[in-house]
Amino acid sequence: MQNLLHNLNPEQLAAVTLPAQSALILAGAGSGKTRVLTTRIAWLIQTGQMSPQAVLAVTFTNKSAKEMLSRLSSMLPINTRGLWIGTFHGLCNRLLRAHHKDAGLPQTFQILDSSDQLSFIKRLLKANNVDDEKFPARSVMYFINGAKDKGLRAAAVDAYDDNDRKMVALYDLYDAQCQREGVVDFAELLLRTYELLSRNQPLREHYQARFKHILVDEFQDTNDLQYKWLKLMAGNQAAVFAVGDDDQSIYAFRGANVGNMSAFEREFQVKNLIKLEQNYRSHGHILDTANALIAHNSKRLGKNLHTDAGHGEPVRISESSSDIQEAQWIVEEAKNLMREGSSGSEIAILYRSNAQSRVLEHALFSAGLPYRVYGGQRYFERAEIKHAIAYMQLMDNPHNDSAFLRVVNFPTRGIGARSLEQLQDAAKQYGISLYAAVPYVPGKAGNSLGAFVKLIEGARFETQNLPLPEMVQVVLDLSTLLTHYQTEKEGADRIENLEQLVNAATVFVSEEGFGQNAPALSGPSSQAAGLLALPGGIEIIDADAALPMVMSPLSAFLSHASLEAGDNQAQAGQDALQLMTVHAAKGLEFDAVFITGLEEGLFPHENSAKEESGVEEERRLMYVAITRARNRLYISFSQTRMLHGQIRYNMRSRFFDEMPEESLKWLSPKVQANWFGNKKSAWDEAPEAGVNAIAQGFSKNTGSGWRIGQGVSHAKFGEGVIVNIEGSGSNARAHINFGQFGMKLLDLSIAKLDKIAS
DNA sequence: ATTAATGGTTCACAT
DNA sequence: AACCATTAAT
């Protein structure tokens with residue numbers, strides 16, 4: 001006990017030992033937030049104030065849920081498997097499996113990840129002859145998810161014009177189709193659980209009585225639905241312990257609402273608001289930089305981080321002439337760090353968008369530096385894995401039409417567009433799934449389709465008593481996926497990935513506790529699942545925390561594949577540089593951090609520039625990036641960058657003007673505003689900005705010194721870069737990127753432009 | 001029915 | 001530059 005609270009600072013101690021009332025903890029970056037959360041749970045249990053069953057702890061990522069569990073198990077001698085600690089989505093999945101009947105779902109319902117959802121919608125639009133010019137699948141998806149994130153069904157959405165009304169109608173169609181196929185998307189997991197508990201009083205009261213303490217991590221990232229979900233779970237009794245940092249709210253794009261923090265304070269009558277402002281992570285210059293930057297945001301709850309650590313190293317800034325050169329510079333600096341004794345896994349390379357990783361990976365690979373990419377294309381998103389999963393999905397739930405279409409003719413078995421058309425007509429006519437419609441297709445097409453159905457049925461029969469890993473192996477063989485990729489030229493990697501799937505299944509079985517005597521799910525074992533007798537003779541089978549209680553190993557594994565896309569399978573444990581987006585880096589820390597691509601249009605991203613709130617979110621994102629670093633921070637930008645196969649010319653990010661000069665060290669000469677003259681700029685000295693660049697238009701100039709890539713200054717629009725020139729001589733007009741002012745087309749003989757460097 | 005070729009689109013972030 | 005979807009050729 002003394003040990004538990006040992007080494008906490010006064011604010012942390014106060015937070016951990018608060019009475020059982022709702023509380024809001026404003027925890028700055030690096031202030032020991034996870035420590036406070038886990039110690040709070042351990043303290044409540046150890047002092048006997050609550051039993052382990054009474055805790056519900058919610059996080060956003062599987063990573064942080066795992067982190068909490070492992071820290072807890074080192075603090076307490078209890079089996080953490082029984083604890084309700086997980087992501088919103090993971091917990092909802094469990095609840096829905098256990099109460100699938102009440103929720104109106106098949107026990108084997110399957111979860112659509114975002115790419116599944118998109119193709120599902122494309123199929124839906126096609127089947128209903130919707131003009132996909134007017135209603136692109138992406139915007140339909142955005143509309144549906146946006147509504148669900150607010151907790152709204154189609155009937156509850158306000159539509160003000162024809163376009164909206166059509167969207168609402170599509171939303172309704174979409175939900176109906178999901179229901180027919182037995183599939184749910186991410187947002188549906190939450191919405192369905194919310195509806196289940198609001199409708200079902202005994203169930204609601206059961207869980208409300210059970211969870212005396214609800215703890216929420218990253219509270220600033222909750223959306224409206226998640227907030228309502230928490231209110232429902234809490235009822236009138238639970239103490240909600242919310243930990244968050246408004247300065248790190250970076251998920252508005254998927255519905256997060258920072259306003260939930262003040263709403264929580266008001267609606268839960270929070271008397272205990274504690275600020276954790278002591279930073280234990282970063283050196284002074286790094287923290288000063290972060291503080292100065294975030295001070296440019298207007299809407300803040302107010303909080304300033306301080307540290308006892310010294311100033312440390314200044315923040316190093318580097319300018320490059322191309323993205324390739326930027327990557328080269330990072331390789332060199334990383335090598336230096338490692339030569340000085342840094343471990344590669346303590347060095348992170350961060351970027352705004354996944355597309356940037358390619359160039360970095362290329363440079364690292366050529367230099368022979370081991371690296372690991374997080375996010376991007378993940379293991380379970382690879383085509384061959386999706387195929388294998390689709391076979392298993394069909395075995396578990398044959399009405400999943402997406403899975404059916406994915407593999408009905410892969411590997412090819414003579415089922416073409418024509419046969420499928422017949423099948424789809426039959427399915428529509430009888431209102432049934434494609435799988436169920438197969439018997440209604442006559443002739444040759446019907447025969448090949450029938451053979452496919454037999455294949456699935458056979459696989460299900462042969463694997464019904466096998467442990468999961470062996471089941472996967474059999475599916476790989478029977479589906480002929482392995483033999484198919486053996487005959488393909490570049491199939492070696494794919495075969496390796498497929499064989500990894502058997503491994504993944506083995507690991508999953510041992511981690512999630514699906515031992516050889518896992519319940520066979522011929523009906524949940526009432527003893528294992530904790531049968532509860534409630535007054536009035538109602539029995540509730542509690543969705544106890546461990547997965548084996550509520551679903552079969554196969555269903556669980558398929559959920560896992562959707563919910564936990566699987567970090568890139570790169571060998572964990574290897575000492576590799578860490579590559580990821582800034583979003584993916586939230587919650588992590590490293591000795592050294594590189595933040596790349598600090599350019600107008602990229603960071604802040606151009607799509608965010610339209611509204612001030614967008615730029616403020618980008619600034620918070622940069623704040624998150626900076627505060628990941630303990631000792632060393634590098635920030636880089638480049639004059640040119642390849643995008644969509646074309647060279648783009650960008651100006652350096654406005655964020656440089658918002659960071660304190662005294663904490664920065666410019667490695668390449670800083671280009672002054674309106675600087676021009678005889679001294680050559682880095683640009684002039686760097687013709688290697690590519691042979692490509694020259695080929696693609698550098699030769700295009702007007703003969704008067706204007707050329708693509710030339711930096712210019714304009715009285716009204718400020719600084720910009722010429723990105724294209726049309727015409728010549730006195731007719732020459734230039735497309736100029738003025739960053740904040742956007743793209744302008746100016747007549748070179750009329751507009752008053754000055755040349756500047758970069 | 002399957003493959004090769006073409007052309008339009010996209011890369012912002014993610015449970 | 002890479003990806004997908006549709007079209008043309010086998």
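Throughout, a chain's letter reflects where its sequence line sits, starting with A, and its residues are numbered from 1.
- When distances are taken from the side chain of His644(A) to each of dT10(B), dT15(B), dA14(B), the shortest belongs to dT10(B).
- Side-chain rings of Phe120(A) and Tyr174(A) approach one another, their centers coming within less than 6.0 Å.
- A side chain to side chain contact (heavy atoms under 4.5 Å, CB included) with Ser353(A) is found for one member of Thr581(A), Val582(A), Leu602(A) and no other, namely Leu602(A).
- A sub-4.0 Å separation between OP1 or OP2 of dA14(B) and a side-chain N or O of Asn354(A) is present.
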Show each protein N/O and nucleotides 8-10 of chain C N/O combination with a separation under 3.5 Å, one pair to a line.
none

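- More than 12 heavy atoms of other shown residues, nucleotides or ligands fall within 6.0 angstrom of atom NZ in Lys228(A).
- For Phe603(A) and Phe637(A), the ring centers sit 6.0 Å or farther from each other.
- Among residues two or more places apart in sequence or in another chain, the salt bridge (charged side-chain N to carboxylate O under 4.0 Å, His left out) test is passed with Arg123(A) by Glu181(A).
- Nearest nucleotide to the His89(A) side chain, out of dT15(B), dT2(B), dA14(B): dT15(B).
- Separation of the His100(A) and Phe109(A) ring centroids does not fall under the 6.0 Å cut-off.
- Stacking between Phe253(A) and dC13(B) is shown: the ring centroid lies under 5.5 Å from the centre of the six-membered base ring, and the planes differ by under 30°.
- Residues Arg654(A) and Glu618(A) are not paired through a salt bridge, judged by the lack of any N-O separation under 4.0 Å between the basic side chain and the carboxylate.
- Residue Ala417(A) is in sugar-phosphate contact alone, with no base atom involved, counting any heavy-atom pair closer than 4.0 Å across all strands shown.
- Residue Thr581(A) places at least one side-chain N or O closer than 4.0 Å to OP1 or OP2 of dA14(B).
- Phosphate proximity of dC13(B) to His583(A): absent, as no side-chain N or O sits under 4.0 Å from OP1 or OP2.
- At least one test fails for Lys586(A) against the ring of Phe60(A): distance under 6.0 Å to the centre or angle within 45° of the axis.
- In this structure, a donor-acceptor pair under 3.5 Å is present between the side chains of Gln220(A) and Glu218(A).
- Comparing dC13(B) with dC4(C), their P atoms sit 16 Å apart, to the nearest whole Å.
- Using a 4.0 Å cutoff on non-hydrogen atoms, the parts of residues 110-144 of chain A near DNA chain B are Ser114(A), Arg138(A), ordered by number.
- Nearest-nucleotide positions on DNA chain B for Thr87(A) and Gly416(A) put Gly416(A) closer to the 5' end.
- Among the atoms of the strands shown, none is found under 4.0 Å from any heavy atom of Leu602(A).
- Gln248(A) and Tyr623(A) share no side-chain donor-acceptor pair at under 3.5 Å.
- Summarising the geometry, the separation between CD1 on Ile595(A) and P on dA12(B) is reported as 21 Å, rounded to the nearest angstrom.
- Look at CG on Leu598(A): it is 18 Å from P on dA12(B), rounded to the nearest Å.
- Across all strands, Glu618(A) comes closer than 4.0 Å to base atoms (heavy-atom distances).
- Between the CD1 atom of Ile324(A) and the P atom of dA1(C) there is a distance of 10 Å, rounded to whole Å.
- For the pair Arg153(A) and Tyr171(A), the cation-pi test (distance below 6.0 Å, angle within 45°) is failed.
- Distances shown here put every side-chain N or O of Asn607(A) at or beyond 4.0 Å from the OP1 or OP2 atom of dC13(B).
- Proximity note for Ser419(A) (side chain, C-beta onward) versus dA1(B), dA14(B), dT15(B): the nearest is dA1(B).
- Closest to the Phe186(A) side chain, of the nucleotides dC11(B), dT15(B), dT2(B), is dT15(B).
- Counting non-hydrogen atoms under 4.0 angstrom, Arg358(A) reaches a base of the nucleic acid.
- In terms of position along DNA chain B, the nucleotide closest to Arg418(A) lies nearer the 5' end than the nucleotide closest to the other residue of the pair Arg418(A) and Glu617(A).
- Distance CZ (Arg619(A)) to C1' (dC13(B)): 18 Å, rounded to an integer number of Å.
- Distances were taken from every side-chain heavy atom of His605(A) (C-beta onward) to each of dA14(B), dA12(B), dA1(B); the shortest belongs to dA12(B).
- Tyr251(A) comes within contact range of the sugar-phosphate backbone alone, with a heavy-atom separation under 4.0 Å but no base atom that close.
- Checked against dC11(B), dA14(B), dA12(B), the side chain of Leu643(A) finds its nearest nucleotide in dC11(B).
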